[in-house]
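Beneath this line is the structure, given in structure tokens, with notes to follow.
To find a chain, count down the sequence lines: A is the first, B the second, and so on, and within it residues start at 1.
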There are 2 protein chains.
Amino acid sequence: MIRLSKLTDYAIVVLSEMARQVGTVHTVAHLADRSGVPAPTVAKLMKAMTPAGLTTSQRGAAGGYALSRPADAISIAEIITALDGPIALTACVDGADSQCGVEQLCPMRGGWEKVNRAIRSALEEVTLADMMAPVTFPAPAAAPNSTAAQPARPAH
Amino acid sequence: MIRLSKLTDYAIVVLSEMARQVGTVHTVAHLADRSGVPAPTVAKLMKAMTPAGLTTSQRGAAGGYALSRPADAISIAEIITALDGPIALTACVDGADSQCGVEQLCPMRGGWEKVNRAIRSALEEVTLADMMAPVTFPAPAAAPNSTAAQPARPAH
DNA sequence: AGCAATCAGGACTAAATTGGTCCTGTATTC
DNA sequence: GAATACAGGACCAATTTAGTCCTGATTGCT
């Protein structure tokens with residue numbers, strides 16, 4: 001299966017935790033505590049998110065991190081890109097060494113681009129808000145039709 | 001970046017090699033030779049492709065492998081699925097253990113499904129034929145404009 | 001028959017990635 | 001100036017992945 005790094009998974013948990021209170025600063029300790037993700041890992045996450053422009057940081061005593069935009073303006077693609085680099089389905093994309101041993105490989109590189117574009121746009125259309133809002137079970141009284149769609153899969 | 005296993009990459013090279021002559025049987029040695037992929041690896045690939053129904057095998061002296069369908073009827077999604085398992089962007093999909101430590105993670109699992117579906121369908125629309133056809137250089141006498149298109153990126 | 005070729009199906013080793021931790025430095029508030 | 005937090009790395013350990021090899025089973029040819 002195509003693996004999404006676990007870090008990205010955590011990032012979404014942490015970011016959505018922050019999304020609860022936009023504009024508030026959250027310390028690493030605070031976020032770790034409320035998300036269940038170990039603190040050093042949260043720190044690592046944020047160190048990637050901030051340069052990428054997804055969060056803003058405030059140093060010093062009353063410092064911390066805050067989302068730089070509302071959750072519905074942050075796409076999953078951005079989060080993945082911030083952590084795992086450019087979204088692409090191949091091993092040799094970053095133009096590192098031109099020789100990939102298996103020469104016949106390269107003639108068909110062009111085909112991957114088509115695939116990559118499709119995936120990229122798919123990922124750009126899903127926002128952080130989409131990830132938290134729709135399937136939260138706030139109360140037992142669910143929407144009428146949602147009963148048929150979701151419960152098929154056991155939680156995750 | 002989202003990683004596609006190198007095996008899958010090889011698989012496409014090897015399969016497209018087979019696609020040149022549909023209906024012919026190709027031995028592992030033969031395929032290895034013409035694709036540049038090491039023989040044991042080719043063997044491993046085929047052992048995944050055949051049960052998945054992408055290729056047929058013939059044992060014995062005059063045996064070998066053959067594509068079970070024409071290249072334009074084989075989607076990239078099938079190849080990936082055969083090698084890497086179901087296409088999904090998350091760590092805990094296969095319903096293994098219900099506890100993924102970080103509990104807050106699961107409420108948002110539903111969101112991934114949306115993403116996964118998008119990716120899956122993107123991958124289903126690209127066929128093996130798409131991967132080989134457009135940018136093959138059959139003879140040194142290449143098409144006029146191909147000179148400009150390809151060399152831009154250093155091979156791959 | 002018997003022999004050679006070829007796939008089937010694992011076990012196994014080695015290498016590359018990834019996840020996670022820690023340490024030192026810098027900014028900011030009180 | 002002391003305490004709090006982020007910044008930015010280096011670094012180690014664990015998991016995954018790639019790749020190799022070995023022992024069958026099957027088929028065609030001599």
Picking from C:dT21, D:dA18, C:dT28, which would you name as closest to the side chain of B:S5? D:dA18
When you check the phosphate oxygens OP1 and OP2 of D:dA7, does a side-chain N or O of A:S57 lie under 4.0 Å from one of them? yes
Can you name the closest pair of heavy atoms from A:M46 and A:Y65 and give their distance? CB-CZ, 3.4 Å
C:dC7, OP1 or OP2 - any side-chain N/O from B:T27 closer than 4.0 Å? no
Counting C-beta onward and ignoring hydrogens, is there a side-chain heavy-atom pair between A:I79 and A:L15 closer than 4.5 Å? yes
Which is true for B:H30 with a 4.0 Å heavy-atom rule: it touches a base, it touches only sugar-phosphate, or it touches nothing? nothing
Check the distance between C:dA16's P and B:K6's NZ and give it to me in whole angstrom. 8 Å
In whole Å, I'd like the distance from the CG atom of B:L31 to the P atom of C:dT6. 12 Å
Spell out, as yes or no, whether a donor-acceptor pair under 3.5 Å connects the side chain of A:E78 to the backbone of A:S75. yes
If we only count heavy atoms from C-beta on, is the B:I12 to B:I76 side-chain gap below 4.5 Å? yes
Do A:I119 and A:I87 touch side chain to side chain, with heavy atoms closer than 4.5 Å? yes
Nucleotide D:dC6, atom P - distance to NE2 of A:H26 in whole Å: 11 Å
Residue mapping more 5' on DNA chain D - nearest nucleotide basis, B:G63 or B:A39: B:A39
Let me know the distance between CD1 of B:I80 and P of D:dT17, rounded to the nearest Å. 14 Å
To the nearest angstrom, the CG-P distance between B:L7 and D:dG19 comes to 7 Å
Side-chain N or O of A:Y65 closer than 4.0 Å to phosphate OP1/OP2 of D:dA7: yes
Measure OH/A:Y10 against P/C:dT18 and give the value in whole Å, please. 15 Å
For the residue pair A:L54 and A:L67, establish whether any side-chain heavy-atom pair is separated by less than 4.5 Å. no
DNA chain D nearest-nucleotide lookup for A:T50 and A:A62: closer to the 5′ end is A:A62
Within residues 42-56 of chain A or reaching into it, pairs that qualify as side-chain hydrogen bond (donor to acceptor under 3.5 Å, both in side chains) - sequence neighbours excluded: A:T50-A:T55
Whole angstrom value for the distance that separates P of D:dA18 from CG of B:L45: 10 Å
Each nucleotide of nucleotides 8-16 of chain D classed B (base within 4.0 Å of a protein heavy atom), S (only sugar-phosphate) or -, in 5' to 3' order, makes BB------S
Rounded to whole angstroms, how far apart are CG on A:D9 and P on C:dG20? 11 Å
